[in-house]
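A, B, ... follow the sequence lines: proteins, then strands. Residue 1 opens every chain.
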2 protein chains.
Amino acid sequence: MGATKTEYFTDRQNELAVLIKALGHPARIAIIDYLLKTEKCICGDIVNELPLAQPTVSQHLKELKNAGIIKGSVDGNAICYCIDDEVWHKFKGYLNGFFNTYDLKKNKCCYTNIKPKNIDL
Amino acid sequence: MGATKTEYFTDRQNELAVLIKALGHPARIAIIDYLLKTEKCICGDIVNELPLAQPTVSQHLKELKNAGIIKGSVDGNAICYCIDDEVWHKFKGYLNGFFNTYDLKKNKCCYTNIKPKNIDL
DNA sequence: TTTATTCATTGCAATATTACAATATTAAAT
DNA sequence: ATTTAATATTGTAATATTGCAATGAATAAA
């Protein structure tokens, strides 16, 4: 035990979980924030921007890269990291499916619609 | 060391990371999938739907509840879980900010635009 | 009031994540 | 060739997550 049982879930569920999980840390949100707001996607700039040591940032970049969300290219002495267009749009599509489904459903939940007298936990 | 340094990040980065992290597991994606597709949001139905033992599902439900994504109400002998409308929309708003920013940016990344001759890692 | 039923909690083992110092690697500059 | 600069990797400690059997708590049914 201890390891996620990915074999029991659908490909979509696993793929989406990998992408979402990779974003599920404030440092990695901060990295994406930075890549979205600046033209400078050099690793050293990201390291300077974040309040973490260089190896820690490198590790977070690696996780984002493993999930496919960012990609890196050699730029002389430095590494340039940027968002992977294809993966980003796939990710966006998955999430749109999620959130649009909810809108269609119009929150027909038992708490608000079926059992109004129930006690909130 | 070992624990996330939340104090160094913005409230938005931390809040978003908590929401995203809570979704970052295929079982929890599956739970939300189920809540989105059915009217029956009874805990036991979720347990039957998932390929995991009851205590494990209970724990996943607890994590989604702790993050605020779902809420539960007592329904006699059972517990009814459903998506929290307010949190869900806040979540959606955060994510829209993310993905719309990228569209505006039009992927002006060093790899594709600035340094076309670089080698992909 | 027993006896089910439903769900949560506890306790535990396995595994994964987070963080960083120290070190390695690679390319640029001298 | 040596040194410098940028980034990755390794090793390690602390912490968190995943999963489940066993047990507990609360309500419903008998």
Side-chain angles (χ1 to χ4, degrees), chain A residues 1-9 14 17-18 20-31 40-67 70-81 110 115 117-119 121, chain B residues 1-9 14 17-18 20-31 40-67 70-81 110 115 117-119 121:
Chain A
M1 319 133 214
T4 297
K5 294 191 156 181
T6 53
E7 68 273 19
Y8 293 162
F9 299 97
N14 284 314
V18 164
I20 290 179
K21 190 180 182 183
L23 263 191
H25 189 288
R28 296 194 289 270
I29 299 274
I31 289 169
K40 293 169 61 186
C41 47
I42 296 302
C43 178
D45 294 329
I46 300 170
V47 169
N48 290 335
E49 183 82 358
L50 292 207
L52 298 169
Q54 179 266 323
T56 308
V57 174
S58 189
Q59 193 175 270
H60 284 303
L61 287 166
K62 191 180 181 181
E63 283 185 56
L64 286 169
K65 196 149 66 85
N66 285 345
I70 64 171
K71 57 188 177 183
S73 20
V74 176
D75 180 10
N77 210 9
I79 305 288
C80 167
Y81 281 109
C110 50
K115 299 277 180 190
K117 286 177 292 184
N118 285 337
I119 297 143
L121 287 186
Chain B
M1 320 134 212
T4 297
K5 294 191 159 182
T6 53
E7 68 273 19
Y8 294 163
F9 299 98
N14 284 314
V18 164
I20 290 179
K21 190 179 183 185
L23 262 191
H25 189 288
R28 297 194 289 268
I29 299 273
I31 288 170
K40 293 168 62 184
C41 46
I42 296 301
C43 178
D45 294 329
I46 301 170
V47 170
N48 289 335
E49 184 83 358
L50 293 205
L52 298 169
Q54 179 266 322
T56 308
V57 175
S58 189
Q59 192 175 272
H60 284 303
L61 287 167
K62 191 181 182 180
E63 284 185 55
L64 287 169
K65 196 149 66 87
N66 286 343
I70 65 171
K71 57 187 176 184
S73 21
V74 175
D75 180 10
N77 210 7
I79 305 289
C80 167
Y81 282 108
C110 49
K115 300 277 180 190
K117 286 178 293 183
N118 285 337
I119 297 144
L121 288 185

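Taking 4.5 Å as the limit, every side-chain heavy atom of A/Ser73 sits out of range of all side-chain heavy atoms of A/Tyr81. Here the side chains of A/Ile70 and A/Leu61 are in contact, with some heavy-atom distance below 4.5 Å.
Taking every side-chain heavy atom of A/Cys43 into account, D/dA8 is the closest of C/dC20, D/dG19, D/dA8. Considering only side-chain atoms of B/Ala3, the nucleotide from D/dT18, D/dC20, D/dT15 that sits closest is D/dT15.
For B/Ile79 and C/dT5, the CD1 to C1' distance is 13 Å, given to the nearest whole Å. One can place CG of A/Asp45 at 16 Å from P of D/dA5, the figure rounded to the nearest angstrom. Whole-Å rounding puts the B/Ile31 CD1 to C/dC7 C1' distance at 14 Å. In this structure, A/Ile20 atom CD1 and C/dT17 atom P are separated by 16 Å, rounded to whole Å. For B/Asn14 and C/dT18, the CG to P distance is 13 Å, given to the nearest whole Å. Atom-to-atom, NE2 of B/His60 to P of D/dA16 comes out at 18 Å; the value is rounded to the nearest Å. Between the P atom of C/dA24 and the CD atom of A/Gln59 lies a distance of 19 Å, rounded to the nearest Å. A/Lys62 places its NZ atom 14 Å from the P atom of C/dA16, with the value rounded to the nearest Å.
The aromatic rings of A/His25 and A/His60 lie tilted to each other, with the angle between the two planes from 30° to 60°.
Comparing A/Lys5 and A/Val47 along DNA chain D, the residue whose closest nucleotide (by nearest heavy atom) sits nearer the 5' end is A/Val47.
Applying the 4.0 Å criterion to OP1 and OP2 of D/dT7, one finds that A/Ser58 has every side-chain N and O outside that range. Of the side-chain N and O atoms in B/Tyr81, none sit less than 4.0 angstrom from OP1 or OP2 of C/dT6. Contact annotation: B/Thr56 does not reach the phosphate of D/dT18 (side-chain N/O to OP1 or OP2, under 4.0 Å). At the phosphate of C/dA16, neither OP1 nor OP2 sits under 4.0 Å from any side-chain N or O atom of A/Lys21.
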Expected string for nucleotides 22-30 of chain D under the B/S/- scheme (protein heavy atoms, under 4.0 Å, primed atoms plus P, OP1, OP2 as sugar-phosphate) is B----BS--
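At the heavy-atom level, A/Leu52 lies under 4.0 Å from the strands shown only through sugar-phosphate atoms.
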